Amino acid sequence: MNYKMIGRFFSAILAIEAAFMLPAIVVALIYHEPSVIIAYTVCIAALLAVSALFRYVSRGAKTRFYAREGLVCVGLGWLIISAFGALPFVITKEIPNFIDAFFEIVSGFTTTGASILTDVEAMSKGLLYWRSFSHWIGGMGVLVFMMAFLSDKGKDTGFTVHILRAESPGPEVAKLLPHMRDSSIVLYGLYIALTVLDILFLLIGKMPVFDAFCIAFGTAGTGGFGVRADSLGSYSPYLQTVTTVFMLLFGVNFNLYFLLILRRFKDIITDAELHVYLGVVAVSTALISFNILGTYTTLGETIHHAAFQVATIITTTGYSTANFDTWPSLSKAIMLTLMVIGACAGSTGGGIKCSRVLLMFRAMKRYIRKVVYPSRVEHVRVNNHPVSENTMNSVSLYLVLYAFILVISFLIISIDNFSVETNISAVLACFNNIGPGFGAVGPMESYAGYSWFSKIVLTFDMLAGRLELLPILALLSRRTWNRR
């Protein structure tokens, strides 16, 4: 284990987090919030001091870096930035309990959107901004940001490769360009461009500037923290429609946007995962619209709300325009299914990912053919390319671990004696980084009622879901910390 190199890594990400807190100070200055300014100043000073300490103790580090170090850096790095990110809430005493504050900021960084706040509008603007901005940071990944702008140009060492693989969602991580650093720059460039475009469309619809930035951050990161108690319910249909469109756009694999720039339209049109994603969205919207007919005044309004909720759930964003907890059982069952499926690999969305669902069904099809024709040799293919057996094995392992953690988490939080519907949806919503569930954690409720222990379990689920299990599970393995 290369501890010194890991120390240098932590030094860099803490310095980045300190820089990311600076805009929140500007917001606090605009809204005249002195206590919030003091809190951020203290946090930035602490971040820079600890960053300098890590830098000092890791001087002379060797650049040798393997997959194990990459997993540790990602898993432990997210815990560290979350611990420091929670401090402004605690220092201002707007969320005085550290476990609650940690839950809230982990929900932000993991783009989950689950909240313990019962009155979000009472929170200071400077803290609301940081809360929403954490979605934007976590959407593409603070570590990918570091790879893009701080790694050595032209040097794709194990450092960049293993970090990007450990933090990026999906069964496979492909480089857009020969160098990982260049790939990271392209990803963040696309991410920033889409975010700016979203903000502009929201401002055209006369959304307040502060709200536009916060909502766009949540949409880009597919997070879901709102700045109003009813999420997006009180905004105009135009603003809700803009958010629906951009949620779906951020749920698409960002590699396809790069192909769009290269004008490789055929590769985009024939992409199998995109077909699954759009197909599921279209069918789900149609079924829910039919199921909730009569709930709203017109057919257009019915489709509008159905499309919004399908988009917010499949992309794991978590915004709401209506209390879907009151919808019929079929609609709620469809949304529970969408929670599991999630968005595309290589997007900012959570869930199992459409690519894994596609691979799972094609593996099932191959197995059935194998039963009928035992001597037949056949590979799973996606977009006319064979999928390696290592990838298929990783999908199988992921699904087994996914199911195991869901069951254990559900059993543990059931001690709090909420309804089965509440507990199942809470675990699914946190593990798949969605936010709102059903029952006591519905779109108009919060997670405040859970015990401190259940909040820790759900926090673990959020981190494990965002980092796709291995970086967090690696921290619990004794072999990970072996010096050899």
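Positions are given from 1 along the sequence. What you see is a predicted model; the values in this text were computed from it and never measured.
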- Take I313 and I434 through the test side chain to side chain contact (heavy atoms under 4.5 Å, CB included) and record every step on the way to the result. CA-CA 7 Å; I313 295 298; I434 294 161; 4.0 Å; yes
- At what distance, to the nearest 0.5 angstrom, does CD of E17 lie from OG of S82? 8.0 Å
- Residues in side chain to side chain donor-acceptor pair (under 3.5 Å) contact with N432, at least two apart in sequence or another chain: Y402
- Query: Can you tell if the side chain of F102 reaches within under 4.5 Å of the side chain of L79, non-hydrogen atoms only?
  - Reply: yes
- Item | Residues in side chain to side chain donor-acceptor pair (under 3.5 Å) contact with E445, at least two apart in sequence or another chain | none
- Hey, is the main chain of F103 close enough, under 3.5 Å, to the side chain of S107 for a donor-acceptor pair? no
- Message: I want to check something: taking the side chain as every heavy atom from C-beta on, are M207 and Y235 in contact at a cut-off of under 4.5 Å?
- Response: yes
- Any donor and acceptor pair, going by atom type alone, linking the side chain of E273 with main-chain N or O of A345 inside 3.5 Å? yes
- Query: Atom OG in S132, atom CD1 in I137: separation rounded to 0.5 Å?
  - Reply: 11.0 Å
- Query: Passes side chain to side chain contact (heavy atoms under 4.5 Å, CB included), F254 versus T348? Steps please.
  - Reply: CA-CA 9 Å; F254 272 65; T348 60; 4.2 Å; yes
- Does CZ belonging to F361 count more than 12 external heavy atoms closer than 6.0 Å? no
- Query: Quick one: salt bridge (Lys or Arg N to Asp or Glu O under 4.0 Å) pairs with a partner in residues 212-233, sequence neighbours left out?
  - Reply: D211-R228
- What are the two closest heavy atoms between S115 and S446, and how far apart are they? O-CB, 3.3 Å
- Task: Taking the side chain as every heavy atom from C-beta outward, state whether T295 and T302 have any pair of such atoms under 4.5 Å apart.
- Result: no
- Message: My understanding is that only residues two or more places apart in sequence, or in another chain, count here; which of them pass side chain to side chain donor-acceptor pair (under 3.5 Å) with S320?
- Response: none
- Should F308 and L232 count as side-chain neighbours, where that means a heavy-atom distance under 4.5 Å? yes
- Message: The criterion is salt bridge (charged side-chain N to carboxylate O under 4.0 Å, His left out); which residues satisfy it with E104, sequence neighbours excluded?
- Response: R131
- Please answer whether the main-chain N or O of Y398 pairs with a side-chain N or O of R356 as donor and acceptor at a distance below 3.5 Å. no
Cut-off 3.5 Å, no hydrogens considered: what does the side-chain donor-acceptor table look like for residues 117-129, sequence neighbours left out?
unit_1, atom_1, unit_2, atom_2, d
E121, OE2, A229, N, 2.9
S124, OG, E94, OE2, 2.2

- Taking N433 for its side chain and M462 for its backbone only, find out whether a donor-acceptor pair lies under 3.5 Å. yes
- For the pair I405 and F460, evaluate side chain to side chain contact (heavy atoms under 4.5 Å, CB included) and give the outcome as yes or no after the intermediate values. CA-CA 10 Å; I405 292 174; F460 170 85; 4.3 Å; yes
- Item | Residue pair G85 / P88: nearest heavy atoms and the distance that separates them | O-CD, 3.2 Å
- Between the main-chain N or O of T222 and the side-chain N or O of T315, is there a donor-acceptor pair closer than 3.5 Å? no
- Task: Hey, could you give me each pair passing salt bridge (Lys or Arg N to Asp or Glu O under 4.0 Å) that has a residue in residues 432-443? Not counting sequence neighbours.
- Result: none
- When I412, D461, I99 are each screened for side chain to side chain contact (heavy atoms under 4.5 Å, CB included) with I456, the one that passes is I99
- Report the distance from atom CD of E301 to atom OG1 of T321, rounding to the nearest 0.5 Å. 9.0 Å
- Query: Taking side chain as C-beta onward, heavy atoms only, is F213 less than 4.5 Å from V209?
  - Reply: yes
- Drop me the distance from S284's OG to I334's CD1, to the nearest 0.5 angstrom. 6.0 Å
- Got a sec, which pairs hit side chain to side chain donor-acceptor pair (under 3.5 Å) with one end in residues 32-53, sequence neighbours left out? S11-S51
- Message: Can you tell me how far apart CD1 (I25) and CD1 (I44) are? Round to the nearest 0.5 Å.
- Response: 3.5 Å
- Message: Would you say that C354 contacts V280 through its side chain, given a criterion of any heavy-atom pair below 4.5 Å between the two side chains?
- Response: no
- Item | Contact check, side chains of I6 and L76, non-hydrogen atoms, under 4.5 Å | no
- Kindly check if the number of other-residue, nucleotide or ligand heavy atoms within 6.0 Å of CZ (F98) is above 12? yes
- Smallest heavy-atom separation, A322 atom then P443 atom, equals O-CG, 4.2 Å
- Item | Which residues share a ring-ring contact (aromatic ring centres under 6.0 Å, His included) with F418, sequence neighbours left out | Y450
- Note on the structure: Residues pairing under salt bridge (Lys or Arg N to Asp or Glu O under 4.0 Å) where one sits in residues 415-429, two or more places apart or in two chains, turn out to be K332-E421
- Query: More than 12 foreign heavy atoms under 6.0 Å from CZ of F109: is that the case here?
  - Reply: yes
- Identify the heavy atoms of G349 and A343 that sit nearest to each other, and give their distance. CA-CB, 4.0 Å
- Task: Mark yes or no for whether S425, through its side chain, and T422, through its backbone, hold a donor-acceptor pair below 3.5 Å.
- Result: yes
- CD1-CG distance between I105 and D100, expressed to the nearest 0.5 angstrom: 13.0 Å
- Assess whether side chain to side chain contact (heavy atoms under 4.5 Å, CB included) is satisfied between I30 and V26, documenting all intermediate values. CA-CA 6 Å; I30 292 172; V26 175; 4.1 Å; yes
- Closest non-hydrogen atoms of S331 and N291, given as atom of the first, atom of the second and distance, are OG-OD1, 2.7 Å
- For I37 and A28 the tightest heavy-atom approach is CG1-CB, 3.6 Å
- Counting distance only, does the side-chain N/O of Y447 pair as donor-acceptor with the main-chain N or O of G435 below 3.5 Å? yes
- Message: Keeping H135 on the side-chain end and F225 on the backbone end, is there a donor-acceptor pair under 3.5 Å?
- Response: yes
- Output all residues satisfying side chain to side chain donor-acceptor pair (under 3.5 Å) with T110, sequence neighbours left out; order by chain, then residue number. T112
- Query: Among pairs that include at least one residue of residues 320-339, which meet ring pair (Phe, Tyr, Trp, His ring centres under 6.0 Å), considering only residues two or more places apart or in two chains?
  - Reply: F324-F438
- Between W130 and F133, how do the two ring planes meet: parallel, tilted or perpendicular, split at 30° and 60°? tilted
- Can you find a pair of side-chain heavy atoms, one from Q309 and one from T312, that are under 4.5 Å apart? yes
